[in-house]
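To start, the structure itself, in structure tokens.
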Amino acid sequence: MPDFQTQARESEFLHGFRRTLVGRDDVLTFGSNDAGPAYSDHLVCLDRATGALRWEFGGGDSSLDLLGPACADLANVYVGRSNGVLYALRRGSGTQAWHLPRGRGICVPCFHAGRLLVSEAPVNILQVDPASGEIVDDTRVALHKYPSDLRAVLVPHERLLFQITSDGTLTELSKNWPGRWISDAAAHVLAPTAIYVATPAGIVRSLDLGDGSELWSADGPAEVKRLVTDGKTLWTSSSGGAIGALEALTGEPRWSRKMGTAASMVEWNGRLYLDMNAKIAVLDGETGESVGEIAVEGAPYAAMAVEDETLFVAHLAEPEVVMHAVPVGAGSVKWRTVIGGYGLS
């Protein structure tokens, strides 16, 4: 079992890749309880229409009980835990379908080309049978630094498979990009024919998905933390509060404005939704002009998701962590469900 400091560093990296998964009738998201001195993550399944809690998993395995990013198919939800075990949970009930002990920190699963792949420390990739949990293949991945220093997640995109390590290196693993990788990838987003990457220094690059060659490079704001694209426009958000837009095909700047730090950002039908303290700010994606805001209690807690004209927004409204469902055109919250809190056990 890794020590406390190792788990904390691992958690900080992996939590940046956790996403709310929205299904046909459910919402899978992450909450946490901090009872002090114990801290525990848990995965919760909510009814998509009402927000009612269906089941939850995790919490209480140890004083620091952490969960990594999850993935799901129609049958199961797959998630790694800081006890070194990968779990498959039945999507309808949350009961355990199988578990795979590895003892190497938090396993991170994803689906790629119909296969369940699992990234684990020290940067191995497993192929696992999703029905049984049996290991189909165990592959050692060649890295550019000593693997014991790194953690990694896998990012699938159609036929391509990317690996992002905790030192900011992005590598295409399916060998369509021979000899190419990207260092200092502070943020990235994928489009049908390109991947856009921002560096901490504020350089934004567009790379061809076919061979990894650079299509363009442009100066952006320093400390870009989020990139969003619809294939025509590339929007950037920095930790300094700058929001901007570039032409996705050329990198030419379109507009920029200062409006405060957005914890996450999504685009829907030409509008940008920015998750901020006590509100979701709404901008016209074409011009950057404000077109409204939606009041949401508390401060951003996790990455916002959008599906079928509904935003799913988790905020810390102390002492509670609350998930909100917000229809994009309604201007108000449809439902709210407590998914954790501070001072709670």
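Members clustered with W98: Y78, L86, L100, F111, L116, V118, L126, V128, I135, by chain and number, using a 4.5 Å side-chain heavy-atom cutoff among hydrophobic residues.
Clustering ILVMFWY residues whenever any of their side-chain heavy atoms sit less than 4.5 angstrom apart, transitively, puts V328 in a cluster other than the one holding W335. The hydrophobic cluster containing V224 does not contain W235, counting ILVMFWY residues as joined when their side-chain heavy atoms lie under 4.5 angstrom apart, directly or transitively. Cluster annotation: M276 is not connected to V313 through the hydrophobic network of ILVMFWY side chains, with a link wherever side-chain heavy atoms come within less than 4.5 Å. L21 and Y87 fall within the same hydrophobic cluster, where Ile, Leu, Val, Met, Phe, Trp and Tyr residues are linked whenever their side-chain heavy atoms come under 4.5 Å apart, directly or through other members.
When atom types are taken as modelled, the side chain of D26 and the backbone of D47 share no donor-acceptor pair closer than 3.5 angstrom. Judged by distance alone, the side chain of R151 and the main-chain N or O of I106 form a donor-acceptor pair under 3.5 Å. Remark: the backbone N or O of I339 is paired with a side-chain donor or acceptor of H42 at under 3.5 angstrom. In this structure, H112 contributes its side chain and E158 its backbone to a donor-acceptor pair below 3.5 Å. In this structure, the side chain of R159 does not engage the main chain of S174 through any donor-acceptor pair within 3.5 Å. Using modelled atom types, no side-chain atom of R226 and backbone atom of A187 make a donor-acceptor pair closer than 3.5 Å.
The existence of a salt bridge linking E289 and R257 is excluded, since no basic side-chain nitrogen approaches an acidic carboxylate oxygen closer than 4.0 Å. A salt bridge is defined here as a Lys NZ or Arg NE, NH1 or NH2 lying under 4.0 Å from an Asp or Glu carboxylate O, and E223 with K225 meets this definition. Using a cutoff of 4.0 Å between basic side-chain nitrogens and carboxylate oxygens, R115 and D137 are not scored as salt-bridged. Taking a cutoff of 4.0 Å between a charged side-chain nitrogen and a carboxylate oxygen, D308 and R48 qualify as a salt bridge.
Residues V228 and V266 form no side-chain contact, since every pair of their non-hydrogen atoms from C-beta on lies 4.5 Å or further apart. Within the 4.5 Å cutoff, no side-chain heavy atoms of S119 are placed close to those of V153. The shortest side-chain heavy-atom distance between V155 and C110 does not fall under the 4.5 Å cut-off. Using a 4.5 Å heavy-atom threshold, the side chains of V108 and F17 count as separate. Using a 4.5 Å heavy-atom threshold, the side chains of L117 and L161 count as touching. Side-chain contact check for L46 versus M323: some heavy-atom pair is nearer than 4.5 Å. Using a 4.5 Å cut-off on side-chain heavy atoms (C-beta onward), N76 and R91 make no contact. You'll find the side chain of P109 stays beyond 4.5 Å of the side chain of V79, heavy atoms only.
Between Y196 and W216, the angle of the ring planes lies from 30° to 60°, which puts this pair in the tilted group.
Annotation for R271: atom CZ does not count as buried by contact number, only 12 or fewer foreign heavy atoms lying within 6.0 Å. More than 12 non-hydrogen atoms from other residues, nucleotides or ligands lie less than 6.0 angstrom from CD of Q96.
Shown here for S32 and Y301, the closest heavy-atom pair between the two residues is OG-OH, 2.6 Å. For the residue pair M259 and A281, the shortest heavy atom distance occurs at CE-CB, 3.7 Å. The minimum heavy-atom distance between L67 and L43, with the atom names listed, is CD1-N, 3.5 Å. The minimum heavy-atom distance between L190 and T229, with the atom names listed, is O-CG2, 4.1 Å.
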Ignoring hydrogens and angles, write down the donor-acceptor pairs under 3.5 Å from the side chains of residues 199-209, residues two or more places apart or on other chains.
| unit_1 | atom_1 | unit_2 | atom_2 | d |
| --- | --- | --- | --- | --- |
| T199 | OG1 | A201 | N | 3.4 |
| T199 | OG1 | I203 | N | 3.2 |
| R205 | NE | E214 | OE1 | 2.8 |
| R205 | NH2 | E214 | OE1 | 3.2 |
| D208 | OD1 | G210 | N | 2.6 |
| D208 | OD1 | D211 | N | 3.4 |

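A donor-acceptor contact closer than 3.5 angstrom links the side chains of D275 and H315.
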